[in-house]
K.L.:
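Can you read through this structure? Questions will come right after.
When a ligand or atom number is given, it counts from 1 through the structure's own listing order.
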Amino acid sequence: MSHSSASRIQEFIGDPVSDAPPVKREQLEEIFQDIQGDLRFDHELNGCLNCGICTATCPAAHYYDFSPREIVQLLWTENLEGIYDAMQEKIWSCAQCYTCAARCPFGNSPGGLIMVMRETAIKHGMESAKAVLRPFSRVMLKLISTGNQLSPDMINPEGFADWGPHISKVDAPLALLRKAIPMPTLHTTKTAWEVNLKTSVELYTIWEETGVLDSLETIDENLFDVILDIMDEKRDDYEDWMDEQDDD
Ligand code: SF4
Ligand code: SF4
């Protein structure tokens, strides 16, 4: 996470250390139950020696006020207030590289636990999650509506104003490099990979059934509405296509 992202979160939540958590005990318990109840939790947390090996090998810990050891200890000791505080900023510093998981003598995965905490933050509509995800609304729009993340033409100064002038260093060689890839569908610099209607409609069912759309509605209602419109339109197109096949 960039420093600007960190300060954006800070604007939303104030000082997580000095401010009392603006939530009741029952809500803290509910948040922890959601984390603990996740299928991955018992697999990712087997105990903790508090040895700090994870933090010593963590690249994010070198740059941010962040320690995977601290996060694991909060979970292991069921420190509900501390867990809530960590969810306001610290969990978003993790780069999800999983170096920690490869080194922990207990076989824990601090990065995996942080992912569960992030998903729980989204589920609970925490402002930290909204602030972190807001700059990625274009990516989410593309990913959820087509199944693809970015088309190369989206990586431009207009689309990523927050990258500043450095975007041009990525922009130019990417178009060239892409043309060097043997697969013709990857040559395009105008559109993302083609996704047919049937695949799109199946994808929308997956988003609905797995709760992805519910999460999106919690953190960004406007984007949710836009994506619902796109889904309706594509589903109509697919039904029309099916009717045409029946007529033939
Ligand atoms: S999570 Fe593992 S590596 Fe990190 S402090 Fe605990 S026991 Fe040590
Ligand atoms: S997954 Fe996160 S906590 Fe683990 S080493 Fe990478 S950045 Fe650090």
K.L.:
Judged by atom type as modelled, is there a donor-acceptor pair below 3.5 Å linking the side chain of N50 to the main-chain atoms of Q73?
P.N.:
no
K.L.:
What do you reckon, is CD of Q96 surrounded by more than 12 foreign heavy atoms closer than 6.0 Å?
P.N.:
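More than 12 heavy atoms, drawn from other residues, nucleotides or ligands, come within 6.0 Å of this atom.
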K.L.:
With atoms numbered from 1 as shown, which atoms in ligand 1 lie under 4.0 angstrom from a non-hydrogen atom of L49?
P.N.:
6 (Fe), 7 (S)
K.L.:
Please find out if atom 6 (Fe) of ligand 1 and some N, O or S atom of C104 are separated by less than 2.8 Å.
P.N.:
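Checking atom 6 (Fe) of ligand 1 against C104, no N, O or S atom falls under 2.8 Å.
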K.L.:
Could you find the nearest protein heavy atom to atom 2 (Fe) of ligand 2 and give me its residue, atom name and distance?
P.N.:
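Its nearest protein heavy-atom neighbour is C94 SG, 2.3 Å.
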K.L.:
Which ligand 1 atoms are under 4.0 Å away from a heavy-atom of P105?
P.N.:
3 (S)
K.L.:
May I ask you to list the atoms of ligand 2 that are less than 4.0 angstrom from any heavy atom of G111?
P.N.:
1 (S)
K.L.:
Does the pair E81/K24 count as a salt bridge with the N-to-O cut at 4.0 Å?
P.N.:
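No, this pair does not count.
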K.L.:
So, is C58 placed with an N/O/S atom under 2.8 Å from atom 4 (Fe) of ligand 2, counting both backbone and side chain?
P.N.:
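No - counting backbone and side chain alike, C58 has no N, O or S atom under 2.8 Å.
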K.L.:
Inspect the contact between D220 and K130 and indicate whether a charged nitrogen and a carboxylate oxygen are less than 4.0 angstrom apart.
P.N.:
no
K.L.:
Nearest heavy atom to atom 3 (S) of ligand 2: which of P68, A95, A101 does it belong to?
P.N.:
P68
K.L.:
So, the side chain of T218 versus the backbone of G125: is there a donor-acceptor pair under 3.5 Å, distance only?
P.N.:
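Looks like no, no N/O pair under 3.5 Å.
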K.L.:
To which protein heavy atom is atom 6 (Fe) of ligand 2 closest, and what is the distance rounded to 0.1 Å?
P.N.:
C97 SG, 2.3 Å
K.L.:
Would you mind telling me which of D38, L74, L75 makes a side chain to side chain contact (heavy atoms under 4.5 Å, CB included) with L113?
P.N.:
L75
K.L.:
Quick check on contacts: which atoms of ligand 1 are under 4.0 angstrom from a heavy atom of N108?
P.N.:
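It comes down to these atoms of ligand 1: 1 (S), 2 (Fe).
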K.L.:
Starting from atom 4 (Fe) of ligand 2, what is the nearest protein heavy atom, named by residue and atom, and what distance separates them?
P.N.:
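Residue, atom and distance for the closest contact: C100 SG, 2.3 Å.
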K.L.:
Should E119 and K123 count as an ion pair when the cut-off is N to O under 4.0 Å?
P.N.:
no
K.L.:
Quick check: does C54 put an N/O/S atom under 2.8 Å from atom 4 (Fe) of ligand 1?
P.N.:
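Given the 2.8 Å cut-off, C54 counts as a ligand of atom 4 (Fe) of ligand 1.
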K.L.:
Can you sort out which atoms of ligand 2 are near Y98, meaning under 4.0 Å from one of its heavy atoms?
P.N.:
1 (S), 6 (Fe)
K.L.:
Any idea which atoms of ligand 1 are less than 4.0 Å away from a heavy-atom of N50?
P.N.:
5 (S), 6 (Fe)
K.L.:
Under 4.0 Å between a Lys/Arg side-chain N and an Asp/Glu carboxylate O for E29 and R25?
P.N.:
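Yes, this pair counts.
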K.L.:
Could you give the distance from CD1 (I230) to CG (D225), rounded to the nearest 0.5 Å?
P.N.:
11.5 Å
K.L.:
Just need the protein heavy atom nearest to atom 8 (Fe) of ligand 1, so name the residue and atom and give the distance.
P.N.:
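I find the closest protein heavy atom is C51 SG, 2.3 Å.
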